[in-house]
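Comments concern the structure below.
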Amino acid sequence: MVPFDLHTHCTLSFDGRSTASEMVQTAVSLGMGYHALTDHVDLGGHADPEFDLEATVNGARETIPALQREYAGRLCLLYGVELGQPCHEPEKAEFLLSENMYDFVVGSVHNIRGHDDFYFLDYREHDPVKLLDAYFEELLETAEWGKFDILAHITYPLRYIAGEYGIDVDMNRYSGILDETFRALIRNGCGIEINTSGLRQKLGRTMPELPAVKRYRELGGELLTIGSDAHCTSDLGKGIAQGIETAKKAGFTQIAVFRKRKPTFIKI
Ligand SMILES: [Zn+2]
Ligand SMILES: [Zn+2]
């Protein structure tokens, strides 16, 4: 049994492979109490040119509330969104959020200004340390903007730099800016997540890892979620148990669940 999964995608995302209905049915069969669908709304013009932002937003608007009603009493389905690079187009991001339709808003950084998603970059051509320097600057900027609920998959570029290319980077270089990022998040009432997708990928670890989650806690962070970042039913709930173990080791006794943008807590 998997108690929850708070970061997932369906075919409303350009890279989703299972429909919203298939994802929710699977969540029920896994025994979940809470399931968040957090489909991509990537800002800043570096998203797939095929990707139609309006279609995603409107598609979710038509699909998710109906599923919430259909599954009421069996599963708490959270109407979420993953807002990528909100600082690249803050007006657009703020307009979207002003409609108040979401339960849960995940903020994220998949690409830095002037570059494609870290997924597409060739790390033999680009200096990974320079890219990571820019990534952590933009992550801090995003935390300072702070109009989301949690900041997703901190250390995302490592999925490719360390995971796919096997390049080892000394992350101590970023401990200062990460502290600043955590302080900005806490100040803005935002939290972080343990993203377990790295566990089933070449990276082999969560994003972020235990020391960063622990540090966030030490600095006074209280809002923590855990999500698999599944894009299909077969990945749903994967790694949540390990994520819970990591959360406990970092000193957390509860996980935040956002409904209508307000956190409630479930014990772990
Ligand atoms: Zn993401
Ligand atoms: Zn995601």
Side-chain angles (χ1 to χ4, degrees), residues 4-20 23-24 27 34-44 46-48 51 53 56-57 59-60 64 77-89 93 96 102-112 115-121 131-132 135-136 138-139 141-143 145 148-164 181 185 190-201 203 205-208 212 224-240 243 258:
F4 54 77
D5 193 340
L6 302 172
H7 183 157
T8 73
H9 299 268
C10 67
T11 45
L12 291 164
S13 291
F14 69 96
D15 53 355
R17 299 195 298 281
S18 305
T19 65
M23 293 296 277
V24 179
Y34 301 90
H35 173 209
L37 275 167
T38 52
D39 282 294
H40 289 295
V41 172
D42 276 312
L43 301 176
H46 276 270
D48 189 322
F51 171 64
L53 193 143
T56 298
V57 171
I64 310 298
L77 175 63
L78 307 171
Y79 183 0
V81 66
E82 179 174 356
L83 206 52
Q85 303 76 244
C87 292
H88 292 191
E89 283 182 287
L96 194 70
Y102 297 117
D103 284 311
F104 180 40
V105 179
V106 173
S108 67
V109 176
H110 299 121
N111 70 275
I112 48 174
H115 287 276
D116 281 330
D117 191 311
F118 284 96
Y119 170 83
F120 294 109
L121 304 184
L131 289 173
L132 275 168
Y135 168 75
F136 278 102
E138 288 210 16
L139 202 67
E141 182 191 352
T142 309
W145 180 74
F148 45 84
D149 300 315
I150 64 110
L151 188 57
H153 52 60
I154 292 172
T155 68
Y156 170 78
L158 292 184
R159 183 192 273 174
Y160 308 104
I161 295 172
E164 298 295 328
T181 304
L185 289 171
C190 303
I192 66 166
E193 76 167 357
I194 297 174
N195 187 297
T196 64
S197 63
L199 292 170
R200 61 178 188 272
Q201 295 163 348
L203 182 62
R205 25 187 156 127
T206 57
M207 294 178 288
L224 179 73
T225 66
I226 304 174
S228 69
D229 216 343
H231 285 64
C232 57
T233 54
S234 57
D235 285 339
L236 196 65
K238 286 244 176 97
I240 298 296
F258 288 81

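We count ligands from 1, going down the list as the structure has it; atoms in each ligand are counted the same way. Worth saying up front: this structure is predicted, and the values here are computed from it rather than measured.
- Distance check for His7 against the Zn ion (ligand 2): an N/O/S atom falls below 2.8 Å.
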Run Tyr160 and Asp117 through side chain to side chain donor-acceptor pair (under 3.5 Å) and show every step you take.
CA-CA 10 Å; Tyr160 308 104; Asp117 191 311; 4.8 Å; no
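- Looking only at distances, no side-chain donor or acceptor of Asp5 sits under 3.5 Å from a matching main-chain atom of His35.
- With hydrogens and angles disregarded, no donor-acceptor distance shorter than 3.5 Å links the side chain of Thr8 to the backbone of Asp229.
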Full working for ring pair (Phe, Tyr, Trp, His ring centres under 6.0 Å) between Phe258 and Phe104
CA-CA 5 Å; Phe258 288 81; Phe104 180 40; 5.4 Å; yes
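- The nearest N, O or S atom of Glu82 is closer to the Zn ion (ligand 1) than 2.8 Å.
- The name of the N, O or S atom in Asp229 nearest to the Zn ion (ligand 2) is OD1.
- Taking backbone and side chain together, His110 holds an N, O or S atom under 2.8 Å from the Zn ion (ligand 1).
- No side-chain donor-acceptor contact under 3.5 Å links Ser228 to the backbone of Thr196.
- Coordination check, His153 versus the Zn ion (ligand 1): passed, since an N/O/S atom of the residue sits under 2.8 Å.
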